[in-house]
Amino acid sequence: MKNLEIARIFNNIADLLEIKGDNPFKIRAYRRAALNLESIAEDLATISARGDLKEIPGIGKDLSQKIEEYLRIGSMSYYEELKREIPENLLDLMAIQGLGPKKAKLFHEALGITTIDELQEMAQSRQLQGLPGIKEKTEENILRGIAFYKQGVGRMTLGYAMAISKRVTDQLREIPGVEQIDSAGSLRRRMETIGDVDILVSSSSPYKVMDTFIHLPEVRQVLGRGTTKSSVLTQEGYQMDIRVVKQDQYGAALAYFTGSKAHNIRIREMAVRKGFKISEYGIFDEKSGDRIAGEKEEDIYRLLGIPFIPPELREDRGEIEAALKGTLPDLIQRKDIKADLHVHSRYSDGAHSIREIAEKAMKMGYEYVAITDHSQSLGIAGGVSIDILIAKIEETEKVNSELSRIRVLCGTEVDIRLDGTLDYPEDILSRLDLVIASVHSGFKRSREEQTERIVRAMRNPHVHIIGHLTGRLLGEREGYEVNLDEVLKASVETGTTLEINAYPQRLDLNDIGCRRAKELGAKVVINTDAHVLHQFDYMDIGVAVARRGWLEKEDVLNTLDVESFLKAIRKK
DNA sequence: GCCGTTTTCGGCCCGACTGTTTTCAGTCG
């Protein structure tokens with residue numbers, strides 16, 4: 001699967017063209033193409049074999065030929081040529097805040113710099129000063145940018161960003177004069193990882209908001225402070241920005257700061273064609289310059305004559321076309337969820353008893369909950385032996401007889417062995433209400449072997465759900481490679497459901513996988529994989545992934561009542 | 001380099017901030 005490789009090459013080409021000072025619209029074309037390739041779950045080789053590359057938005061005659069060339073011979077001659085002209089290392093320099101293509105080119109041509117270390121040396125010995133347009137301040141900024149870059153704080157998980165933004169907005173909401181407050185940016189779009197937390201506020205007393213913000217206990221360092229915009233670092237070293245606007249600009253500002261950039265560009269292009277101009281200050285009549293609207297975000301979509309587009313869809317991945325055609329999905333909501341089906345108890349590595357979990361599930365408003373502990377071989381996570389599993393079945397029956405408002409399903413998260421067989425015998429699996437099968441070992445297998453292994457597990461008549469399909473842990477390890485389309489086809493064929501694991505580091509299936517599942521007619525469930533009670537709240541994050549994957553209530557089986565659910569997962 | 005219910009050629013989003021400038025380039029979101 002070369003999709004991401006090709007996307008990366010297109011992005012690199014765009015960077016190289018920027019350094020060359022090439023046509024900005026051509027550069028944008030490469031970036032847009034890269035962005036679109038990243039969101040395609042189907043193998044480009046398959047699409048190419050079908051002759052459909054040009055159906056991909058942003059891919060025309062030239063780019064489709066370049067993709068075909070890369071698929072055929074594993075390299076792209078245009079890219080190789082560009083790299084001969086401009087050292088590839090220069091692209092690293094552009095990762096420094098405040099250093100773009102022009103300065104990268106200048107430093108390379110004037111001083112022969114190609115690496116960040118060389119640049120740091122030159123800046124420290126004051127050798128950048130004197131170059132055209134470079135004086136002391138710029139040199140200092142570059143050194144600061146390098147220090148920040150080398151500090152190397154990665155991206156936050158969505159779960160962390162949601163939690164800290166809630167704590168912060170809850171505190172700021174209490175300030176007199178604060179009218180509205182929302183998180184914006186990639187957090188509002190619910191991307192799986194977040195670079196910095198953006199918070200938007202409308203208030204009649206911006207000074208007070210800023211003052212409170214920079215003195216919050218979550219703040220370690222103030223990076224910048226103004227009357228309408230401030231930036232801080234959190235205790236963990238992540239950046240958090242706040243912007244305060246007037247109430248009548250709030251909607252336009254929220255749309256602007258939510259993005260994505262690609263979505264905003266498309267929206268503004270549409271606006272221009274209709275004689276409007278949209279900025280973060282409002283919507284204006286292009287001729288008269290009069291302000292038409294801007295207080296509500298809905299105004300923008302209404303004036304363009306399309307339905308409101310939920311933030312999770314705003315990636316320019318076809319949502320604008322769908323809005324125009326009236327085919328936007330009616331996205332699943334948190335309140336549609338009737339159960340959490342992947343929870344660990346004290347029987348394996350969880351912290352609570354079956355009774356405690358059942359009571360928590362009731363508090364969550366669920367109708368049922370499945371307790372799915374690890375299987376016997378997974379010693380490290382307290383895998384449950386067969387004898388103990390039978391005791392667990394009996395305890396579950398007892399809890400069910402005591403509690404009337406919740407149904408506890410006795411399940412397992414059974415390990416898929418290297419050969420695709422399972423870690424419990426069939427007669428034991430058949431006694432359980434719910435069987436999730438997951439891979440916890442052998443991550444180095446080839447894509448083909450891994451796919452075959454998982455598909456074999458799916459063919460087992462007792463397996464209802466495949467847990468966290470790729471095994472990735474965000475910020476820690478890549479998932480193993482697996483042929484998603486093969487798995488999804490097996491899902492439809494065997495009636496085995498795939499899980500969206502809402503554990504913040506997993507989010508696996510991801511948004512793109514969900515969307516592909518829907519396209520191929522595969523159903524999913526959303527589970528938290530909770531090990532302690534507060535982790536039941538991860539359900540919000542799982543629902544967010546589903547929404548980014550365009551899923552509707554009908555696509556997600558744990559929106560069903562318990563009897564319909566059990567019927568839906570039963571295999572023929 | 002892409003794209004078209006105004007166009008197959010001539011368009012292609014909008015504004016702020018910073019630092020370096022005598023009117024603007026570069027960078028960012």
Side-chain angles (χ1 to χ4, degrees), chain A residues 10 13-15 17-19 21-36 53-67 78 93-107 128-142 144-145 184-189 195-198 200 223-224 226-231 239 241 243 245 249 252-284 286 289 294 300 304-305 314 316 320-321 324-325:
Chain A
F10 282 175
I13 289 175
D15 285 342
L17 292 174
E18 273 198 309
I19 293 174
D22 212 309
N23 176 1
F25 299 108
K26 179 172 161 182
I27 293 164
R28 211 172 90 187
Y30 273 97
R31 292 211 193 283
R32 176 162 146 78
L35 204 63
N36 287 329
L53 284 177
K54 278 192 265 188
E55 300 300 311
I56 301 168
I59 304 294
K61 183 162 159 282
D62 278 46
L63 293 189
S64 65
Q65 281 175 3
K66 290 189 168 73
I67 294 172
Y78 181 58
L93 297 190
M94 287 165 62
I96 308 288
Q97 278 277 328
L99 203 167
K102 302 294 177 196
K103 289 199 188 90
K105 183 182 187 189
L106 174 68
F107 295 148
L128 303 183
Q129 294 186 35
L131 294 174
I134 310 288
K135 290 168 81 171
E136 204 180 342
K137 271 262 173 66
T138 305
E139 204 169 54
E140 281 169 17
N141 281 341
I142 284 172
R144 228 192 331 267
S186 53
L187 172 54
R188 184 158 180 255
R189 301 201 311 279
D196 49 13
V197 170
D198 289 311
L200 183 70
L223 296 174
T227 49
T228 63
K229 175 179 191 275
S230 294
S231 289
Q239 190 167 333
D241 297 334
R243 293 177 172 89
V245 300
Q249 300 166 339
L254 185 59
Y256 168 68
F257 289 122
T258 298
S260 67
K261 189 172 173 175
H263 176 88
N264 283 351
I265 289 174
R266 294 286 311 279
I267 290 292
R268 288 172 182 199
E269 281 171 355
M270 282 176 73
V272 170
R273 285 197 291 275
K274 286 186 180 283
F276 302 126
K277 187 189 70 162
I278 296 175
S279 77
E280 57 264 51
Y281 299 108
I283 307 160
F284 303 86
E286 201 168 30
I300 292 172
L304 294 179
R314 298 183 198 167
D316 192 22
I320 292 169
E321 289 75 9
L324 284 165
K325 279 190 279 183

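Treat the numbers as computed from the prediction; the structure is a model and nothing was measured. Below, chains carry the letters A, B, ... as their sequence lines are ordered, and counting in each starts from 1.
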- Quick one: does A:Tyr256 reach the base of B:dG29 with a side-chain donor-acceptor pair under 3.5 Å? yes
- Is there a donor on the side chain of A:Asp198 or the base of B:dG29 sitting less than 3.5 Å from an acceptor on the other? no
- Task: Please work out whether the ring planes of A:Tyr30 and A:Phe10 are parallel, tilted or perpendicular, with thresholds of 30° and 60°.
- Result: perpendicular
How long is the line joining [atom1] of [X] and [atom2] of [N], in whole Å?
X	N	atom1	atom2	value
A:Ile134	B:dC24	CD1	P	20 Å
A:Arg28	B:dC2	CZ	C1'	10 Å
A:Glu280	B:dC13	CD	C1'	11 Å
A:Leu53	B:dC2	CG	P	12 Å
A:Leu200	B:dG29	CG	C1'	14 Å
A:Ile19	B:dT27	CD1	C1'	14 Å
A:Ile27	B:dC28	CD1	C1'	15 Å
A:Glu136	B:dT21	CD	P	13 Å

Pick base, sugar-phosphate or nothing for [X], based on heavy-atom distances below 4.0 Å to the nucleic acid.
X	value
A:Leu99	sugar-phosphate
A:Lys137	sugar-phosphate
A:Ile96	sugar-phosphate
A:Lys66	sugar-phosphate
A:Lys229	nothing
A:Pro101	sugar-phosphate

- Message: Using a 4.0 Å cut-off on heavy atoms, which residues in residues 262-271 of chain A reach DNA chain B? List them by number, or say none.
- Response: A:Ile265, A:Arg268, A:Glu269
- Note on the structure: On DNA chain B, more 5' by nearest nucleotide between A:Phe284 and A:Gly133 is A:Phe284
- Query: When the nearest nucleotide of DNA chain B is assigned to A:Gln97 and to A:Pro132 on a heavy-atom basis, which residue is associated with the more 5' position?
  - Reply: A:Pro132
Whole-Å [atom1] distance, [N] and [M]:
N	M	atom1	answer
B:dT6	B:dG1	P	28 Å
B:dT21	B:dA25	C1'	9 Å
B:dG4	B:dC13	P	15 Å
B:dT20	B:dT27	P	13 Å
B:dT8	B:dC3	P	16 Å
B:dC28	B:dC9	P	37 Å
B:dT7	B:dC12	P	16 Å

- Has the side chain of A:Glu286 got a donor or acceptor atom that lies under 3.5 Å from a matching backbone atom of A:Lys277? no
- Say whether, by atom type as modelled, one donor and one acceptor occur between the side chain of A:Arg32 and the main chain of A:Ala262 under 3.5 angstrom. no
Is any side-chain heavy atom of [X] less than 4.5 Å from a side-chain heavy atom of [Y]?
X	Y	result
A:Thr228	A:Val245	no
A:Glu18	A:Met94	yes
A:Pro132	A:Leu106	yes
A:Leu128	A:Ile142	yes
A:Leu35	A:Asp316	no
A:Tyr256	A:Ser279	no

- Query: Counting just side-chain N and O atoms, does A:Lys277 come under 4.0 Å of either OP1 or OP2 of B:dG15?
  - Reply: yes
- Distance below 4.0 Å between A:Thr138 side-chain N/O and B:dT18 OP1 or OP2: no
Using the 3.5 Å cut-off, write out each protein N or O paired with an N or O of nucleotides 7-10 of chain B and the distance between them.
none

Selection from [options] that lies nearest to any side-chain heavy atom of [X]:
X	options	value
A:Ala29	B:dG15, B:dC13, B:dC2	B:dC2
A:Lys135	B:dT27, B:dT20, B:dG1	B:dT20
A:Asn141	B:dG19, B:dG1, B:dA16	B:dG19

- Taking 4.0 angstrom as the limit, do A:Asp62 and A:Lys26 come out as a salt bridge? no
- Message: Closer than 4.0 angstrom, basic N to acidic O: yes or no for A:Arg188 and A:Asp198?
- Response: no
- Note on the structure: With syn meaning chi within 90° of zero and anything else anti, the base of B:dT21 is anti
- Intermediate values then yes/no, side chain to side chain donor-acceptor pair (under 3.5 Å), A:Asp241 and A:Gln239: CA-CA 7 Å; A:Asp241 297 334; A:Gln239 190 167 333; 3.0 Å; yes
- Note on the structure: B:dC9 -> Watson-Crick or G-U wobble partner, both distances under 3.5 Å, gives B:dG4
